[in-house]
Amino acid sequence: IALILLFAIAKHYGKKTLFASMVITLILGGTSYLFIAQPDTQTLAGQDQVNWQPLSEEAIHQALAENKRVFIDVTADWCVTCKANKYNVLLRDDVQKAL
């Protein structure tokens, strides 16, 4: 789909715009790859040491009844922002210890 779009841009605006579009596409694609291609359990920041539980209303009520803190991590594997937050926040050693 991206190639079709790039050729449509070139046909409409000219070759200079095509080149600029290709450079921007490569930069954005490369940046996205840095976050998405990371394995789920290990990144450059460290390993995920939290024993995450599946999200359920029952588990939340049970944890709260036991006076436990509840942290809900609702992220998506395809979300670049979620990956950045996981890398920059959730996988930090101090946050891992707190969780």
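These figures come from a predicted structure and were not determined experimentally. By convention here, the first residue in the shown sequence is residue 1.
- For the atom pair L99 CG and R92 CZ, the distance stands at 11.0 Å (nearest 0.5 Å).
- Nearest heavy atoms, Q47 versus Q96: O-OE1, 3.5 Å.
- Side-chain heavy atoms closer than 4.5 Å link hydrophobic residues (I, L, V, M, F, W, Y) into clusters, and following such links, possibly through other members, connects V50 to V95.
- Under the 4.5 Å side-chain heavy-atom criterion for ILVMFWY residues, a single connected hydrophobic cluster contains both I60 and V74.
- When hydrophobic clusters are built by joining Ile, Leu, Val, Met, Phe, Trp and Tyr residues whose side-chain heavy atoms come closer than 4.5 Å, directly or via intermediates, W52 is not grouped with L55.
- When each of D73, D48, T75 is checked for a side chain to side chain contact (heavy atoms under 4.5 Å, CB included) with K86, only D48 meets the rule.
- Not counting sequence neighbours, the partners of K68 by the salt bridge (charged side-chain N to carboxylate O under 4.0 Å, His left out) test are E66.
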